[in-house]
Visitor: 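Take a look at this one; I'll ask things after.
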Amino acid sequence: MDVAISTLLSPIILFFMLGMGAALLRSQMTVPEAFSKGVSLYLMMAIGLKGGVEMSKNPLTTEVMLVLLAGIVLSFLIPLLAFVLLRFTTRLGQVDAAAVAAHYGSISIVTFVAATEAVRLSGFESGGHLVAVAALMETPAIITALFLAQRGSAAKAPVAGAEQGELVREVFLNASVVALVGALAVGWIAGVDGTASIQPFFTGLFQGVLCLFLLDMGLNAGRGLRQGWRQLEVATIGFGLYMPLLSASIAAGISLALGLPVGDAALLMTLAASASYIAVPAALRLALPEAKPSIYLTLSLGVTFPFNVTLGIPIYIFIAQAISS
Amino acid sequence: MDVAISTLLSPIILFFMLGMGAALLRSQMTVPEAFSKGVSLYLMMAIGLKGGVEMSKNPLTTEVMLVLLAGIVLSFLIPLLAFVLLRFTTRLGQVDAAAVAAHYGSISIVTFVAATEAVRLSGFESGGHLVAVAALMETPAIITALFLAQRGSAAKAPVAGAEQGELVREVFLNASVVALVGALAVGWIAGVDGTASIQPFFTGLFQGVLCLFLLDMGLNAGRGLRQGWRQLEVATIGFGLYMPLLSASIAAGISLALGLPVGDAALLMTLAASASYIAVPAALRLALPEAKPSIYLTLSLGVTFPFNVTLGIPIYIFIAQAISS
Amino acid sequence: MDVAISTLLSPIILFFMLGMGAALLRSQMTVPEAFSKGVSLYLMMAIGLKGGVEMSKNPLTTEVMLVLLAGIVLSFLIPLLAFVLLRFTTRLGQVDAAAVAAHYGSISIVTFVAATEAVRLSGFESGGHLVAVAALMETPAIITALFLAQRGSAAKAPVAGAEQGELVREVFLNASVVALVGALAVGWIAGVDGTASIQPFFTGLFQGVLCLFLLDMGLNAGRGLRQGWRQLEVATIGFGLYMPLLSASIAAGISLALGLPVGDAALLMTLAASASYIAVPAALRLALPEAKPSIYLTLSLGVTFPFNVTLGIPIYIFIAQAISS
Amino acid sequence: MFTRKRIELIIERMAYKRAGRILEEAGMTGYTVLPALAGFGNGNKWSRDTDISTSTDMVVMISIGDEARVTASLEKIAGLLGNHIGVVSVSTVEVLRPDRF
Amino acid sequence: MFTRKRIELIIERMAYKRAGRILEEAGMTGYTVLPALAGFGNGNKWSRDTDISTSTDMVVMISIGDEARVTASLEKIAGLLGNHIGVVSVSTVEVLRPDRF
Amino acid sequence: MFTRKRIELIIERMAYKRAGRILEEAGMTGYTVLPALAGFGNGNKWSRDTDISTSTDMVVMISIGDEARVTASLEKIAGLLGNHIGVVSVSTVEVLRPDRF
Ligand SMILES: Nc1ncnc2c1ncn2[C@@H]1O[C@H](COP(=O)(O)O)[C@@H](O)[C@H]1O
Ligand SMILES: Nc1ncnc2c1ncn2[C@@H]1O[C@H](COP(=O)(O)O)[C@@H](O)[C@H]1O
Ligand SMILES: Nc1ncnc2c1ncn2[C@@H]1O[C@H](COP(=O)(O)O)[C@@H](O)[C@H]1O
Ligand code: NA
Ligand code: NA
Ligand code: NA
């Protein structure tokens with residue numbers, strides 16, 4: 001448990017709480033969008049490079065392949081579970097339920113990064129290929145969600161022609177996928193020696209930059225919560241809290257089946273539990289404009305993200321230890 | 001004196017002069033607002049963390065408490081002195097005089113940071129709690145100034161209702177206060193070990209980032225001066241040069257009374273001498289919209305800031321040495 | 001040749017290719033303008049400082065002077081050659097030909113930076129004064145081009161009065177000139193000791209930041225090419241590929257004549273071969289608004305820049321080795 | 001001076017490319033997109049610096065053209081706005097170079 | 001098409017929230033705020049990138065609504081502009097969905 | 001309310017200072033410049049985040065003034081637009097403080 005404490009008292013989380021507190025107190029403080037976009041690009045390049053370099057160290061095993069596959073499957077299936085739960089427990093309509101489901105099938109790279117730090121702090125290793133898993137889990141959920149949203153309703157395919165291409169590019173070539181996968185490839189190709197000269201920037205500064213970014217995330221999460229919570233019924237907020245635990249347990253089962261080491265298991269669980277708030281919303285504004293951002297954004301950014309970053313991650317690490325012993 | 005020289009020839013100051021020169025030569029060079037806002041956020045987090053970590057090393061002494069108190073008192077009283085001087089020596093009206101006074105009672109965090117570097121260069125220590133003093137000195141001056149501006153004039157309270165809350169948040173929860181106090185708390189809680197992993201970012205890069213920021217400050221100060229000096233009578237410009245010295249001497253007296261070490265004394269003097277150009281202007285646009293930014297901004301940013309950063313700081317350090325021996 | 005390979009597989013180039021690929025695949029990924037402007041400011045300050053510090057180590061020799069002179073001459077004359085070639089081989093009119101010529105006489109600082117890295121990777125030294133050469137080569141080409149554009153045509157002088165001053169400032173005091181020359185001066189004055197405390201920021205992070213910037217450059221180059229290539233006839237695109245080689249060979253001749261060391265020769269060739277896409281376009285929008293940006297920007301950014309960064313630089317280093325042995 | 005119509009479309013950032021295609025197809029000779037900073041509508045406030053998934057950002061599209069083309073594009077625009085939140089308004093302006101629009 | 005009024009308010013960034021409250025109270029159904037980059041007035045020039053205390057920044061607020069509400073809000077707006085520097089102008093526009101405004 | 005003219009100038013960033021001088025000389029009391037994000041014209045699209053030499057950026061200049069001055073400035077503006085790409089349009093607006101313009 002003192003792992004949990006030390007995680008909660010790490011500067012990263014403290015800065016997140018600072019931001020969240022300031023937002024809830026309605027401070028006008030903001031981080032310019034252009035700046036935080038640049039910072040998040042840095043984070044994705046750094047995490048991608050790290051993963052690629054580590055993957056370059058040892059060949060692709062079938063285990064690795066299985067984890068990648070597991071990630072894709074999770075991203076495809078979690079939305080189904082989420083959708084059913086939402087339809088039965090909340091008053092959300094088909095489209096909004098499908099939209100929310102997409103977010104929980106996809107991932108939050110910042111949550112993932114916070115988890116890697118926590119795993120490190122707890123003294124465990126984690127494989128570089130988990131970054132690849134993260135990248136692979138971003139998009140399948142969107143496809144499931146679009147299917148769920150049209151299901152039954154003889155609605156015209158939402159998008160066609162130029163729209164189609166626009167959407168496909170947004171889904172498969174959005175900034176985070178390109179940066180993650182691209183940096184992963186660069187790290188893989190350049191390897192340890194090739195990336196030595198750029199490590200001071202991408203590794204040395206990583207935790208520090210993360211503090212700055214999580215301060216901003218806290219501001220965003222806090223504002224999202226303050227502005228949006230009225231739109232959410234209790235059942236929906238509840239979903240934002242138990243769904244991560246559900247997804248994590250499924251991932252725990254898979255980790256057990258695959259016999260993943262503690263670190264990898266914790267990260268896979270975190271990925272399953274985390275909800276997207278950048279890639280998926282953007283894609284859904286194109287594909288499901290009828291879905292209300294005030295619902296899915298508030299839920300994933302205002303409820304689930306804070307939960308995962310503070311309580312969730314320690315729990316997942318704890319479970320990962322339990323199952324792997 | 002060679003301390004002064006070495007300060008003046010440090011890259012930080014040289015870059016400031018570069019920016020100021022470019023602006024006076026009417027170069028079109030600019031640093032994007034979003035970027036420099038991000039950089040200044042970094043600087044405030046870094047300085048806050050530094051202070052917090054140092055404070056975590058040794059318990060709060062009464063001396064520390066007294067310095068904090070001194071800072072607050074200075075911020076409350078300096079505006080009174082400034083107001084009287086302005087009313088007697090310049091043609092500024094009540095409102096503009098009060099507005100200018102607010103700026104000189106408050107502080108410039110960049111000047112403070114430049115001073116800490118100069119103190120370090122001069123081979124002196126400074127206590128982390130001075131950062132707390134800086135944070136505490138930001139706002140009291142605004143309250144004094146609002147009182148001075150209304151005084152006599154049976155004017156309606158400037159703001160009420162929603163306005164009221166907006167102003168209060170702007171005054172007590174503006175970005176710099178949140179970042180400074182917040183980072184201070186984080187540093188205090190996390191301590192030396194907890195912040196070890198983020199030091200490369202927040203400590204290692206500090207001086208370098210400061211160069212970049214001071215280049216931008218130079219551009220701003222130079223442009224402010226070039227565009228605004230016509231609006232200032234000689235007496236007002238004079239005020240921008242002697243007021244810092246006055247405030248510094250008062251702070252020197254207090255330092256002597258409290259028997260502060262050289263470094264702390266120099267920094268307290270710098271805080272007293274420095275004038276705000278971010279927090280206070282923003283607050284005054286809300287509370288005293290009648291006051292002319294072209295006057296108070298030009299004076300604090302175009303006259304006093306350059307003076308402090310170049311000549312002022314070495315003088316304050318010099319005096320601090322004198323009194324403490 | 002394995003030097004060429006190792007250059008092509010260095011993270012810097014890989015990230016450039018990533019960006020270019022993403023753009024050609026029409027990914028929507030972008031780096032916010034404000035952020036990349038800030039990053040490029042950092043790069044210019046860093047390269048300027050580096051050069052200045054190295055120049056501070058040893059006195060100005062006549063050889064250094066001669067190289068500076070050579071750079072200026074190249075920047076003045078290359079546009080003449082480029083203009084003639086364009087007029088004879090392409091359908092470009094006088095004004096557009098002159099505009100394009102200006103870009104090839106001037107330089108691309110990013111290409112220069114990439115070359116310094118490649119030279120370092122290849123195990124050669126390069127003199128700090130090459131940075132000064134880069135700064136000096138930025139503007140003369142513009143003057144030649146304006147002369148070429150007016151030549152014959154009894155056209156009114158393009159700009160006068162306030163316009164005149166605006167243009168002169170844009171040409172001689174644009175951001176890159178100020179940052180480069182200014183940082184060079186700072187490095188020179190502060191020297192090795194004075195800049196020690198800012199090295200972690202300006203030197204330690206350099207390669208890493210460069211990766212981030214080249215990712216952005218790749219996106220820009222790719223988009224420029226994708227959107228603009230239709231406007232270019234084959235002959236013009238050809239010019240964008242052989243002109244660098246021509247300019248480089250002229251520079252090679254000069255290097256041979258001056259007996260420059262390999263590193264310096266390679267960099268001088270790179271400067272000659274590189275084409276501007278920031279300073280010159282901005283100046284030409286003021287001085288030659290009739291010239292079509294879609295032509296000169298596509299050519300210098302979409303064709304020549306990628307060529308130089310990938311194939312060109314290794315070639316120039318190879319030639320530099322050849323002539324200096 | 002010649003009379004033309006000016007469409008002003010306040011629409012989500014994610015949708016402006018679609019609106020652009022509609023205007024293009026309707027024969028409008030050009031448009032300009034301005035970023036919005038904040039806004040209010042339907043009782044909801046938004047602000048650019050507080051939405052990381054900039055998906056709720058609004059932009060303002062300005063397009064000047066002749067009445068016929070403007071009317072032509074408006075129907076399709078209305079359709080687009082059926083899905084995406086946004087506001088469209090049309091005003092009358094005078095231009096110097098009629099051939100341009 | 002239906003006729004509505006369009007308020008265009010050029011006002012300091014620090015004051016736009018107040019203007020927004022005024023518009024809201026007057027019953028306007030929405031507004032959009034655009035950042036300005038630079039400007040000139042009273043012989044003073046300002047530019048966003050050269051004022052660190054972004055307190056002299058201007059923004060442009062656009063709000064479309066029916067004449068009655070617009071008139072109602074204008075008085076209060078005028079009061080606000082008494083303190084804060086800024087400019088207000090009203091023009092006539094045509095909209096598609098009258099119920100919206 | 002008093003009737004005035006509103007010039008809206010869509011022009012390259014690099015040229016707005018020149019346009020500003022023209023407006024100033026023509027006696028316009030002020031103008032405001034808004035950054036554009038993207039645009040389309042002559043079959044070319046541009047977008048701010050994809051042009052490092054921000055030289056093809058457009059800005060939108062708004063200037064409100066009385067008819068006489070507006071007409072006076074328009075000729076020179078037209079001349080400027082002869083060189084620089086851009087679009088100018090004029091509309092009629094109502095203002096509160098006539099003395100201001
Ligand atoms: N009809 C129009 N309406 C609005 N903006 C336009 C129009 N035509 C051109 N523009 C803007 O002016 C820029 C240059 O257009 P052009 O001069 O046609 O190349 C375009 O990229 C648009 O931003
Ligand atoms: N009457 C209006 N005038 C100007 N902008 C509006 C208006 N109504 C809505 N908007 C803008 O459109 C966005 C979405 O509004 P709504 O579709 O009502 O949710 C708002 O956030 C505003 O930016
Ligand atoms: N006539 C005008 N047309 C457009 N914008 C204006 C006008 N007058 C003032 N402004 C804007 O309002 C700001 C303040 O102007 P002023 O209140 O005259 O100091 C200026 O910097 C401009 O951005
Ligand atoms: Na998930
Ligand atoms: Na002070
Ligand atoms: Na060249």
Side-chain angles (χ1 to χ4, degrees), chain A residues 31-46 48-49 52-53 162 165-206 208-209 278-279 282-283 286, chain C residues 5-43 46 113-114 116-118 120-121 199-216 218-219 222-223 226:
Chain A
V31 179
E33 178 209 0
F35 188 77
S36 53
K37 265 194 177 175
V39 171
S40 75
L41 174 62
Y42 162 87
L43 289 176
M44 288 183 295
M45 287 171 71
L49 271 170
V53 171
E166 199 181 349
L167 175 60
V168 169
R169 285 192 300 275
E170 190 62 45
V171 170
F172 292 101
L173 289 177
N174 62 60
S176 43
V177 168
V178 171
L180 268 183
V181 177
L184 193 87
V186 172
W188 201 347
I189 298 172
V192 180
D193 308 347
T195 57
S197 64
I198 61 177
Q199 290 303 340
F201 180 61
F202 286 111
T203 307
L205 306 185
F206 192 70
V209 176
I278 297 182
L286 288 175
Chain C
I5 303 302
S6 69
T7 313
L8 283 174
L9 293 185
S10 74
I12 295 172
I13 307 307
L14 290 173
F15 273 113
F16 173 76
M17 291 170 172
L18 170 62
M20 194 131 180
L24 293 175
L25 291 170
R26 305 184 54 194
S27 160
Q28 292 306 310
M29 173 181 197
T30 58
V31 179
E33 178 209 358
F35 187 76
S36 53
K37 264 193 177 174
V39 171
S40 75
L41 174 62
Y42 162 87
L43 289 177
V113 168
T116 47
E117 292 305 313
R120 212 176 37 70
L121 271 176
Q199 290 305 340
F201 180 61
F202 285 111
T203 306
L205 306 185
F206 192 71
Q207 280 97 334
V209 176
L210 200 54
C211 290
L212 206 162
F213 193 69
L214 275 168
L215 172 60
D216 184 29
L219 288 166
R223 290 208 177 87
R226 192 167 55 71

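Note on naming: letters A, B, ... go to the chains in the order of the sequence lines (proteins, then strands), and numbering restarts at 1 for each one.
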Visitor: List the steps, then state whether side-chain contact (heavy atoms from CB on, under 4.5 Å) holds for C:F15 with A:L49.
Guide: CA-CA 11 Å; C:F15 273 113; A:L49 271 170; 4.1 Å; yes

Visitor: Look at C:S10, C:S27, C:G19 and state which one has the largest set of heavy-atom pairs under 4.5 Å with chain A.
Guide: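 So the answer, after comparing C:S10, C:S27, C:G19, is C:S27.
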
Visitor: Looking only at atom types and distance, does a side-chain atom of A:Y42 sit under 3.5 Å from a main-chain N or O of A:F201, one as donor and one as acceptor?
Guide: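 At least one qualifying donor-acceptor pair exists.
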
Visitor: At a 4.5 Å cut-off on heavy atoms, which part of C:L18 comes close to chain A: side chain, backbone, both, or neither?
Guide: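 Side chain only.
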
Visitor: Taking C:R26, C:M17, C:E33 one by one, which has the highest count of heavy-atom pairs under 4.5 Å against chain A?
Guide: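 Of the candidates given, the most pairs with chain A belong to C:R26.
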
Visitor: What part of C:L210 is in contact with chain A, defined as an atom under 4.5 angstrom from a non-hydrogen atom: side chain, backbone, both or neither?
Guide: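 No part of C:L210 comes within 4.5 Å of chain A.
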
Visitor: Atom CE of C:M29 and atom CG of A:L173: how far apart are they, to the nearest 0.5 Å?
Guide: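 If we round to the nearest 0.5 Å, C:M29:CE and A:L173:CG are 10.5 Å apart.
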
Visitor: Which one of A:T195, A:V177, A:L41 has the most heavy-atom pairs closer than 4.5 Å to chain C?
Guide: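 Ranked by contacts with chain C, first place is A:L41.
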
Visitor: When rounded to the nearest 0.5 angstrom, what is the spacing between CG in C:L205 and CD in C:Q199?
Guide: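 Answer rounded to 0.5 Å: 11.0 Å.
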
Visitor: Under 4.5 Å from any heavy atom of chain A, what part of C:V209 do you find: side chain, backbone, both or neither?
Guide: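 Its backbone and side chain both get close to chain A.
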
Visitor: Is it true that a side-chain atom of A:T203 and a backbone atom of A:P200 form a donor plus acceptor pair closer than 3.5 Å?
Guide: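 Judged by distance alone, no pair lies under 3.5 Å.
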
Visitor: Any donor-acceptor pair under 3.5 Å linking the side chain of C:R226 with the backbone of C:A23?
Guide: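 Present.
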
Visitor: So which part of A:A282 gets closer than 4.5 Å to some heavy atom of chain C, the side chain, the backbone, both or neither?
Guide: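 Interface part for A:A282: neither.
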
Visitor: Heavy-atom pairs under 4.5 Å with chain A are the metric here; pick the option from C:C211, C:S36, C:G38 that has the most.
Guide: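 Among C:C211, C:S36, C:G38, the one with the most close pairs to chain A is C:C211.
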
